[in-house]
There are 2 protein chains.
Amino acid sequence: MGRELMNNISVDCVVFGFDSEQLKVLLVERTMNEANSDKILFTDLTLTGYHIYKDEELDEAAARIVFDLTGLNNLVLEQFYTFGALDRLEHPNDQLWLEQFGDVFSKRVVTVGYYSLLPSTEVPVIQKGRKVAWYPVNEVRNLAYDHEQILKKALEHLRYKVRHEPIGFELLPVKFTLTQMQKLYEAILGTQFDKRNFRKKVSQMNYVVPLKEKQIGVAHKPAQLFMFSRDVYDKTHKERFDFFI
Amino acid sequence: MGRELMNNISVDCVVFGFDSEQLKVLLVERTMNEANSDKILFTDLTLTGYHIYKDEELDEAAARIVFDLTGLNNLVLEQFYTFGALDRLEHPNDQLWLEQFGDVFSKRVVTVGYYSLLPSTEVPVIQKGRKVAWYPVNEVRNLAYDHEQILKKALEHLRYKVRHEPIGFELLPVKFTLTQMQKLYEAILGTQFDKRNFRKKVSQMNYVVPLKEKQIGVAHKPAQLFMFSRDVYDKTHKERFDFFI
DNA sequence: CAATAATGTGTATCTTTAACACTATAAAAT
DNA sequence: ATTTTATAGTGTTAAAGATACACATTATTG
C-alpha cells in the first residue's frame with residue numbers, strides 16, 4: 001500500500017493522566033547519538049506526534065498517534081490549537097534531530113494540537129523501544145521543539161473545558177471515590193475545595209451515581225465508590241450549560 | 001519577489017460585526033460563470049480565506065486576509081479551530097470553482113480558522129470588485145465548502161470567550177451606551193437580561209468607565225456614554241478569572 | 001484492643017441572583 | 001407652548017447558592 005504522508009502537516013498529542021495526586025503528562029525520551037557511535041549528543045523529552053497521511057482525517061491521525069503510544073483506543077481526543085510558527089523547529093538540537101530524516105519533512109510544518117485523557121495507571125511505560133514516562137505537568141522542563149508552549153496551551157484548554165463539561169471523569173477509574181474526584185479537580189484547576197461543600201455540590205449531580213460498593217483493602221474506613229453516568233448526564237443536560245464550581 | 005504559497009494550508013476568517021441589534025458576519029459573494037460566457041452557473045457565499053505563504057506566520061496570514069477584506073488593521077484575531085476533513089472541498093460547486101485554479105492548490109487543504117471582531121459600521125461593503133456584505137449570523141445559509149461548520153464553531157468559541165474575557169467591547173464603538181452593551185451580549189449569547197440587573201452588574205466592572213458625555217441627536221432622553229478601559233482591566237484582573245454573568 | 005488514617009456529615013452566615021414598575025428627559029409632532 | 005413619543009435611569013425584596021467550620025465513624029495494622 002504505502003500511504004503517502006503530508007510533509008508539512010502533523011498532529012501532536014498531549015496525553016494527560018492522573019495518579020490520585022497529580023496531573024501528569026506522558027512524554028517520550030529523545031536521545032540523539034553521534035553518527036555511527038554510541039556517544040550521546042543530547043537527551044530530551046517530547047510530546048508525541050507524527051505527520052498525517054494524505055487520506056487521513058485529523059482526528060484519525062490523533063487517535064493513531066495515541067494508540068501507537070499507549071495501545072489504547074476510544075479515548076477522548078480534543079483538538080485545542082494549531083501551531084505553525086516559522087521558528088518552531090529551529091532550535092539546534094531539533095535541527096540536528098531532523099537532519100536524520102533528510103528531505104522527508106518540510107522545514108515549515110504546521111501542527112495541530114490534540115489532547116487526550118486517560119487514567120494513568122492503565123498505561124504501560126515502554127512502547128516500541130521508546131522510553132515513555134509520566135511527568136507531573138508542573139515540573140515539565142526542556143521539551144523539544146515548541147512542545148512546552150503546546151503543553152501550556154493544552155492545559156489552559158483543559159482547565160477551561162473541565163469547568164463546563166463532565167470531561168474530568170475520563171481521568172478517573174470507572175469506579176472512583178469522592179476524594180479522588182476532588183483531588184482531580186484540585187489538581188487540574190490548581191485550587192483547594194472544602195470537603196463538605198464539594199460533596200454537597202456533587203450530590204446535586206445526579207450523573208455521579210453512588211454504587212453499592214466500597215473500597216477494599218485500604219487501611220482506614222473504606223470510601224463509597226461512585227461512577228459517572230453519561231446517560232444520565234445527556235438526559236438531564238439537554239438544555240443546560242454550566243457544569244461546575 | 002514572488003512569495004511562495006503553501007498549496008495545502010490555508011486560513012479562513014470569520015469576521016463578526018454588530019449593528020446595535022444583531023450579530024452579523026461578513027460574507028463574500030462567489031459567482032461562477034460558464035467558461036467564456038456571461039451565463040451564471042451558481043452564486044453562493046463564502047467566508048474569506050487564503051492559502052498561507054511559506055514565510056508567513058498563521059496570525060499574519062489571518063491579519064492579511066482580514067485587511068484585504070476590510071482595509072482594517074490591528075483587529076482582534078482569535079484562532080479557534082482547524083478543519084481538515086477529507087471531503088471539505090468535495091461539493092460539486094466547489095470542485096467546479098476550484099478547477100479554475102488548476103493544480104495551484106492541493107486537493108487536501110487543511111484550514112486554520114480565525115475570527116475577528118469589528119464594529120460593523122466602520123466597514124465598506126465592496127472591496128476589490130468582490131461583493132461583500134453583512135449577514136445576520138442566525139440567517140446564514142448555503143455557504144460554500146465547510147464554511148457553515150466553520151461559522152458554527154467560531155460562534156461557539158466566541159460565546160465561550162465572551163463570558164470570560166472583555167472581548168465583546170471590540171464589537172462596540174469606542175463610546176457606547178449601556179443599552180448597546182446589553183443588546184450586544186444578548187445577541188451573542190442568545191439570551192435576554194433584565195435592564196436593572198444588567199446595569200447593577202456593569203456598575204461593578206470598574207473597567208467600564210462612564211464618560212462626561214451623552215448621546216446627541218436622539219429623539220428621546222439621551223443616554224450616558226461609556227468606554228472600556230483595557231488599562232483598568234489589566235490592573236484589576238491580574239489574578240482574577242471570570243468575567244461575566 | 002489501641003493507634004492510625006481517612007471517611008462522612010449539618011448548620012449558620014454571607015453573597016449573589018432574580019423578579020419587578022415607575023419617573024426623567026430630549027426631540028418631534030401638534 | 002403643549003403634548004406625544006421613545007428610551008434612559010433607578011431600588012427593594014425574596015430566593016438560591018456559596019462559604020466557613022469540627023467532630024464522630026470505621027476498616028486495618030501492630
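Heavy atoms only: backbone and side chains are in, while hydrogens, waters and symmetry mates are out. Convention: sequence-line order gives letters A, B, ...; per-chain numbering from 1.
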Atom pair distance, as rounded to whole Å: CG in B:Asp194 and P in C:dT16 = 18 Å
query = Hey, is the main chain of B:Leu172 close enough, under 3.5 Å, to the side chain of B:Gln180 for a donor-acceptor pair?
reply = no
task = Can you check whether any acceptor in the base of C:dG8 is under 3.5 Å from a donor in the side chain of A:Lys221, or vice versa?
result = no
remark   = B:Asn197 has its side chain closest, among D:dT29, C:dC20, C:dT25, to C:dC20
request  = Determine the contact category for A:Thr177: base if any of its heavy atoms lies under 4.0 Å from a base atom, sugar-phosphate if only primed atoms, P, OP1 or OP2 are that close, otherwise nothing.
outcome  = nothing
ask   = Between B:Met205 (CE) and C:dT16 (P), how many Å, whole number?
value = 13 Å
task = Using only heavy-atom distances, decide whether a donor-acceptor pair under 3.5 angstrom links the side-chain of A:Lys200 to the base of D:dT19.
result = yes
task = Please report, rounded to the nearest Å, how far the P atom of D:dA18 is from the CZ atom of A:Phe193.
result = 12 Å
From D:dT26, D:dC21, C:dT17, nucleotide with atom closest to A:Arg196 side chain = D:dC21
request  = Take the protein atom NZ of A:Lys195 and the nucleotide atom P of D:dA20, then report the distance between them rounded to whole Å.
outcome  = 17 Å
query = C:dT16 C1' sits how many Å from B:Gln204 CD, rounded?
reply = 9 Å
message = Considering every strand and a 4.0 Å limit on heavy-atom distances, what is the contact class for B:Gln224: base, sugar-phosphate, or nothing?
response = sugar-phosphate
Residue whose closest nucleotide on DNA chain C lies nearer the 5' end, A:Ala219 versus A:Gln215 = A:Ala219
message = Need to verify one output field. Residue with the more 5' nearest nucleotide on DNA chain D, A:Gly217 or B:Thr179?
response = B:Thr179
inquiry  = If I take atom CD in residue B:Gln180 and atom C1' in nucleotide D:dT7, what distance separates them, rounded to the nearest angstrom?
reply    = 13 Å
inquiry  = With nearest nucleotide decided by heavy atoms, which residue, B:Phe226 or B:His220, maps closer to the 5′ end of DNA chain D?
reply    = B:His220
remark   = On a heavy-atom basis, the closest approach of A:Ala144 and A:Thr46 is CB-CG2, 3.5 Å
query = Taking 4.0 angstrom as the limit, do A:Lys201 and A:Asp194 come out as a salt bridge?
reply = no
ask   = Which is it for A:Phe18 and A:Phe16 under the ring-ring contact (aromatic ring centres under 6.0 Å, His included) test, yes or no, and what are the steps along the way?
value = CA-CA 7 Å; A:Phe18 180 68; A:Phe16 288 114; over 10 Å; no
query = Between A:Arg199 (CZ) and C:dA6 (P), how many Å, whole number?
reply = 13 Å
message = Whole angstroms only, please: what is the CG-C1' distance between A:Leu225 and C:dG8?
response = 14 Å
task = Kindly confirm or rule out a cation-pi arrangement of B:Arg30 over B:Tyr145, judged by NZ or CZ under 6.0 Å from the six-membered ring centre and within 45° of its axis?
result = yes
